[in-house]
Amino acid sequence: MVQRNRFRGGRRPPRTPGRAGTTLVEQPAAEDAVAPVIGSAGTVELPTSLSVRQLADAVKVQPVQVIKQLMRAGMMAAINDVVDFETAAKVAAAFGVQAKPQETAQSAAIERGTGEADDPAHLITRPPVLTVLGHVDHGKTTLLDAIRKTNVAGGEAGGITQHIGAYQVEYNGHKLTFLDTPGHAAFTAMRARGAQATDIAVLVVAANDGFMPQTIEAMNHAKAAKVPIVVAINKVDREDADLERVKRQMAEHGLVPEDWGGDTVTVPVSARQGIGIDTLLENLLVVAEVQDLKANPDRRARAVVIEAQLDKSKGPVAHVLVQTGTLNVGDNVVTGSAWGRIKAMINDQGRRVRQAGPSTPVEVLGLGRLPEVGDILVAVADEKTAKAMAVDTKVQIGQQLFSLEEMANKARAGEIKELPIVLKCDVQGSVEAVTGALAGVSAPSVQLRLIHAAAGTITESDILLASASKGIVVGFTTRVEPGAQRLAEQQGVEIRLYNIIYTLLEELEKALKGLVEPTTRETVDGRAVVKQVFTSGKRNKVAGCAVQEGRLRRGGTVRLLRGGKPLFQGAINSLRHFKEEAREITAGMECGLALEGFNEYEEGDVLVAFSVVRV
């Protein structure tokens, strides 16, 4: 992506001619362009955006060469235009330089937890953070309401404000924090952005319905997050309740109940009648105690954004869950591209507070703009630091490309030990067949991990699960929903679609063994014949050509054939129609052209313009 610098007011300053007809003018570098860092030989660290001149300096070439390379990629840019990291990395690679993302103040602070080490002497036990998941009508909301009524610290039953997106209850002198998120999609969205906000997942299963598709999906999201699962079998007061059936289904999906000799805590409850709620809370506290959850309150806070909204009277409001440290009114904070000074904090009971410790949900006022759900909020030393960190608006925490080729490269390098897969098929019969076949796919040092398998189309929830698990999505005789396709492109998650099971199995096995290479296809764009050769200057020559089919583009790649055999391959450096520079020449027209790095044209030479498409 290229961003144009614009001149404000008055006339545009005159341009000074550069080489080969390129018009360049020295202008101040873009304000948001950070200087690159020169690394070891053959490598360079580049910021999220930088100017063409800065890129040229980084790879040690003339700016005009960078501009030419951008033109070959179909981008017209001047010396002061700003390009993003992805574009800059491709240009650097063309000059034999490997580009790496430059660590920014914000990404470094978030990665290191604001750079402060936790002294074991300062660690204290913190309340567990729980998320209630399950099928849409199995009683999640009713169960949450029943748990709220046990809150002895909140005074009157139902007196807790629900708009904050999370709340705390106190039971037997211990606090528990519940995330009131809209289902497993939001739960996984936070994890996909690097925010592991949940300690325990409570899976609600209706005793009369048993496991439903959304139950299985929610369970797989929790498994992928590698958090303990406590199963609450709800609606046990109904006449058609069948606890044994639910436990059988649990065992079939790898959740063996404790009374069956397994390790999954299972609690029968009736949210409507208030049966088993105390037992559930007691078990949740036991599971939390086993996890030994601790945090350091004596440091700058780190929190995760669980909701964000624009209030007419309050301005941008962020609902955050403090993970470590203590958040104070007056703290300078930064989250994503938003920064500010905390003016006020409101707890889950609607009361103003001055401080919020680990596992405490609060509503924060004072940010300059709305953050994204899942963004990490960190408290910093001063306003200057907050501003500097917020400038880096393109920081994506934990995001990278998850493709089968990338997985294969990592497997070959020994960097990964498993390949996580989300599988979607057209019908349940196909799910069972493919799942059974995948059990036989293996490699010596890498294993395939099926994190979710279901019938239906590929949805946004599947993409989020694959992104959070650093895996890929495999579809068999199914389709991708438009929203899921867009999200996959944003998250960098690869979707592989297959109609033949043997192809699916073969490619996954190759990936496990580190053998998958990218498949490319060459597409012919045009063809021309050299009719006459002209001399340009003392040494250079120009080929006068007639375009017979398709088109030739300036900056495009061509292969020169002589006698039917390839003689040279390179880029079109100059393209003219009569005496005028042209961007492209189509079939039926004549042109003069010069190839970069070649000067020995002969009449009858054939030029084939082509592009390489990665399949």
Any V91 side-chain heavy atom under 4.5 Å of L70 side chain: yes
Validation row: N573, K68 side chains within 4.5 angstrom (heavy atoms): yes
- prompt: If you look at every heavy atom in C545 and A528, which pair is closest and at what distance?
  reply: CB-CB, 4.2 Å
query: What are the two closest non-hydrogen atoms of A308 and P371, and how far apart are they?
result: CB-O, 3.6 Å
- prompt: Between V493 and V422, does a side-chain contact (heavy atoms from CB on, under 4.5 Å) hold up when you go through it step by step?
  reply: CA-CA 11 Å; V493 174; V422 174; over 6 Å; no
- prompt: Crowded around L310 CG? As in, over 12 foreign heavy atoms under 6.0 Å?
  reply: yes
Check: residues 474-488 side-chain donor-acceptor pairs under 3.5 Å, at least two apart:
| from | atom 1 | to | atom 2 | distance (Å) |
| --- | --- | --- | --- | --- |
| T477 | OG1 | D426 | OD1 | 3.0 |
| T477 | OG1 | D426 | OD2 | 3.2 |
| T478 | OG1 | G456 | O | 2.9 |
| E481 | OE2 | T457 | OG1 | 2.8 |

- prompt: Quick one: are N220 and I451 in side-chain contact, heavy atoms under 4.5 Å?
  reply: no
task: Please tell me if the side chains of I421 and I472 come closer than 4.5 Å, counting only heavy atoms from C-beta onward.
output: yes
- prompt: Can you check whether T335 reaches V333 side chain to side chain, under 4.5 Å on heavy atoms?
  reply: no
- prompt: E602 and R562: salt bridge (charged side-chain N to carboxylate O under 4.0 Å, His left out), yes or no, with the steps?
  reply: CA-CA 8 Å; E602 291 184 5; R562 186 170 294 168; 3.5 Å; yes
- prompt: Is the closest basic N to carboxylate O distance between E507 and R496 below 4.0 Å?
  reply: yes
CA sep, side-chain torsions, deciding dist, call: T385, N332, side-chain contact (heavy atoms from CB on, under 4.5 Å): CA-CA 9 Å; T385 305; N332 291 287; over 6 Å; no
message: Testing the basics here: between C425 and V434, what is the closest heavy-atom pair and its distance to 0.1 Å?
response: SG-CG2, 4.1 Å
message: Between F610 and Q569, is the side-chain contact (heavy atoms from CB on, under 4.5 Å) condition met? List the steps.
response: CA-CA 10 Å; F610 67 94; Q569 182 174 308; 3.5 Å; yes
- prompt: In terms of heavy-atom contacts, does CD of E590 have more than 12 from other residues, nucleotides or ligands at under 6.0 Å?
  reply: no
- line: Output for pair (L377 CG, R302 CZ), nearest 0.5 Å, gives 10.5 Å
query: If you take all heavy atoms of H577 and I585, which pair is closest and at what distance?
result: CB-CD1, 3.8 Å
message: Please report the interatomic distance CZ(R53) to CD1(I67), rounded to the nearest 0.5 Å.
response: 9.5 Å
query: Should the pair R553-E584 be classified as a salt bridge under the 4.0 Å nitrogen-to-oxygen rule?
result: yes
query: Backbone N or O of L595 within a donor-acceptor pair of the Y601 side chain at under 3.5 Å?
result: yes
query: So, for R527 and V608, which heavy atoms are closest and what is the spacing to 0.1 Å?
result: NH1-CG2, 3.7 Å
query: How many angstroms lie between CG in D525 and CD in E549, if you round to the nearest 0.5 Å?
result: 10.5 Å
message: Taking K541's backbone N and O only, do any of them form a donor-acceptor pair with N599's side chain (distance below 3.5 Å, no angle check)?
response: yes
- request: Kindly compute the distance separating CZ (R551) from CG (L575), expressed to the nearest 0.5 Å.
  value: 12.5 Å
- request: Decide yes or no for L423 and L438: does some side-chain heavy atom of the first lie under 4.5 Å from some side-chain heavy atom of the second?
  value: yes
query: Is the CZ atom of R449 crowded by more than 12 outside heavy atoms at less than 6.0 Å?
result: yes
- prompt: If only atom types and distance count, is the side chain of S467 paired as donor or acceptor with the main-chain N or O of I463 below 3.5 Å?
  reply: no
query: Roughly how far apart are M71 CE and R583 CZ, rounded to 0.5 Å?
result: 8.0 Å
task: Sequence neighbours left out, what passes side chain to side chain contact (heavy atoms under 4.5 Å, CB included) with A454? Give chain and number order.
output: K424, H452
field: Which residues share a side chain to side chain donor-acceptor pair (under 3.5 Å) with T459, sequence neighbours left out
entry: D462
- prompt: In Å, rounded to the nearest 0.5 Å, how long is the span from CD of Q69 to CZ of F95?
  reply: 5.0 Å
message: Looking at every heavy atom in both A466 and V473, which two are closest together, and how far apart are they?
response: CB-CG2, 3.7 Å
